[in-house]
Amino acid sequence: MQMVTTLHGKHIALVSQYELRDPRTNGDYIRAYCHIHGSDHQRSLSIHRSSGWGHCFNATCNAVVLVSEWNPSVAARLLHSAETGNSFRFPPSFPFAPERLPLALQPVLLHAPQPAAKWQQEEQKTLLALEDQLHTDLFSSRRAYAYLMERGVPVQVAQQTGVGYLAANRVSQCTAAEQRSLVRRWAARMLFPLFSPYGRGYIGRSLWQWRPGMNEQVHKTLLERENGPRRWIKTNPAGWFCAPFEQIASSIILVEGAFDRLALLTAGFDPTEVVALAGTALQIDWLPPQVKTIVLALDGDEGGQEASRRLADQLGQEGFSVKVCPPPQDRWGKDWNERWRRIGSASVLPLRKTCSALRSA
Ligand SMILES: [Zn+2]
C-alpha cells in the first residue's frame, strides 16, 4: 500500500488486489475487511470492480482506495504526480454521498465499460486474427486506394497507422461458419485499429457501393436510401485511433475523426501526437501518465465547440495544460480532413502555430 496526497490534500491509498483481506464479490463491487484501519468485524471496504475505486464505510476510517491492478492508468498517474509533485488534481470535493452508499467513488470521469457480449468478444478476436489480411487488402483494393486518395491520404500513411480493409471476398474464404457470420458486417469496410485500457478493437467505415468521384454526402444518402450497411460500426471494446498508449507523446492533439488524424499525419504531424476519439468519449483516466499538454482540435461545428469548452474545463481542473484550436470558421470545411483536401498544407497552419506556441511556453 502506498499513500498518495493530491494537490487538494486528499489522501488516497493505492493498494494491490493481493492486499485485500478475504474479498467477496457483491454485484459490481468487491467487499473486503479493511486492512487500512484493521477491522475483522465487517467488510467495510467496498470497491467498484470496473473502476478500481473504493471507500471504507467505517466512519473513523473513511479511507479512499484505488486498486492499482484494476485501474493501472490512473494508478500510474497518481504515482507519477506524487513523485514529481505536480498535476494530479482532483475536484475540490469528491462527488460521492456517503448516505447513498454503496456508490462507486468516481472522482475523475470514470466510465465503466459495457461488458462485452460473447459474440463481441469473438468478433474482436476474429478481426485481430485477420490483421495481416486486412493490411494486404488495403494495398490490393482499388476501391480502398481510390477512397483514400479522395480523402487526400496516401495509402502508405494509412498503412503505417495500422489501417486495413476487409475485401468482400474475404468473408467467403473464412472456413468456419461462425467466423463468416461475425465477419460479414465488416465486409467492404476500411478498418481503423483502436486502443483502450480494456484491449484493442476496430472501427470500420463502409465503402459499400462507393465509387470514385462520389462525395461523402452522396455516399451517405446512398447508404440510407438503399437500406445499406451502417456507415460506421465498432467492436466492443472500442477505443481511440492513436498510437499504443505507452507511446503517446507528452503533448497531444485531440481530433474527432479517424480521417482527421490521417490528414494531420499526411501533413507531417507525428503518429504519437495525434489522437482521434473516433466516436469514443474522452475519458480522462485513460490518458497515460506522460501526457501533460492537450490541444483540443475537435470539429468546428456547434457540437464540437460545445464539447471543446466542456473538455477544456475538465482537463484544466485535472491539471493538464490545454489549448483549444478548432478549425477556423470559414468556407473551407468544419473538420481537418475536409480542409486538408481542399486547401492542403495551409489547412494545418493554425495547429502548427498552437503547437509551437506550447513548445516555447
Ligand atoms: Zn477502513
Side-chain angles (χ1 to χ4, degrees), residues 1-116 196-199 237 245 281-289 291 313-320:
M1 182 175 76
Q2 177 164 3
M3 290 304 292
V4 175
T5 306
T6 69
L7 287 191
H8 290 287
K10 292 281 177 192
H11 302 292
I12 295 165
L14 277 178
V15 303
S16 158
Q17 60 183 355
Y18 302 107
E19 291 177 84
L20 300 178
R21 280 171 35 190
D22 200 10
R24 293 284 151 84
T25 303
N26 185 0
D28 291 340
Y29 295 83
I30 296 286
R31 300 292 295 254
Y33 294 113
C34 179
H35 62 288
I36 297 162
H37 78 273
S39 158
D40 292 326
H41 305 302
Q42 250 195 332
R43 287 192 175 81
S44 53
L45 199 54
S46 173
I47 301 160
H48 192 236
R49 288 203 289 172
S50 304
S51 72
W53 285 103
H55 171 240
C56 176
F57 297 156
N58 184 299
T60 58
C61 174
N62 254 323
V64 173
V65 304
L66 177 67
V67 179
S68 307
E69 294 95 336
W70 302 350
N71 201 338
S73 61
V74 169
R77 280 185 57 212
L78 277 170
L79 277 177
H80 185 79
S81 312
E83 275 159 24
T84 55
N86 64 22
S87 94
F88 198 96
R89 271 195 283 155
F90 281 90
S93 63
F94 281 119
F96 79 91
E99 66 273 17
R100 287 191 300 146
L101 295 172
L103 272 185
L105 177 63
Q106 302 200 340
V108 195
L109 277 180
L110 294 166
H111 301 264
Q114 286 290 326
S196 84
Y198 309 103
F245 281 9
L282 178 74
Q283 287 153 60
I284 295 178
D285 56 314
W286 284 18
L287 290 168
V291 174
D313 242 34
Q314 289 170 350
L315 290 164
Q317 276 182 26
E318 296 294 330
F320 292 95

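Here the structure is a predicted model, which means the values were calculated and not measured.
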Do [X] and [Y] have side chains that get closer than 4.5 Å, going by heavy atoms?
X     : Y     : answer
His55 : Ser46 : no
Cys61 : Cys34 : yes
Leu66 : Val15 : no
Trp53 : Ile47 : no

With sequence neighbours excluded, tell me which residues meet side-chain contact (heavy atoms from CB on, under 4.5 Å) with [X].
X      : result
Gln17  : Val67, Glu69, Trp70
Pro288 : Phe245, Ile248, Gln290, Val291
Pro72  : none
Met3   : His11, Ala13

- Query: Can you pull the salt bridge (charged side-chain N to carboxylate O under 4.0 Å, His left out) pairs that have at least one residue in residues 46-65, sequence neighbours excluded?
  - Reply: none
- Query: Which residue pairs pass the salt bridge (charged side-chain N to carboxylate O under 4.0 Å, His left out) test with at least one member in residues 52-62, sequence neighbours excluded?
  - Reply: none
- Can you name the nearest heavy-atom pair linking Asn71 to Ser51, along with the distance?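 Taking Asn71 first and Ser51 second, the nearest heavy atoms are ND2-O, 2.8 Å.
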- Kindly give the heavy-atom pair with the smallest separation between Leu14 and Ser68, and that separation in Å. CD2-OG, 4.0 Å
Measuring from [X]:[atom1] to [Y]:[atom2], what's the distance to the nearest 0.5 Å?
X      : Y      : atom1 : atom2 : value
Leu20  : His35  : CG    : NE2   : 6.5 Å
Leu315 : Leu282 : CG    : CG    : 5.5 Å
Ile12  : Leu79  : CD1   : CG    : 10.5 Å
Asn62  : Cys56  : CG    : SG    : 7.0 Å

- Any donor and acceptor pair, going by atom type alone, linking the side chain of Arg24 with main-chain N or O of Arg43 inside 3.5 Å? no
- Query: What residues form a ring-ring contact (aromatic ring centres under 6.0 Å, His included) with Tyr33, not counting sequence neighbours?
  - Reply: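 For Tyr33, no residue satisfies ring-ring contact (aromatic ring centres under 6.0 Å, His included) once neighbours in sequence are set aside.
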- Name all residues meeting the side chain to side chain donor-acceptor pair (under 3.5 Å) criterion together with Thr25; count only those two or more places apart in sequence or in a different chain, and write none if there are none.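 Residues passing side chain to side chain donor-acceptor pair (under 3.5 Å) with Thr25: none at all.
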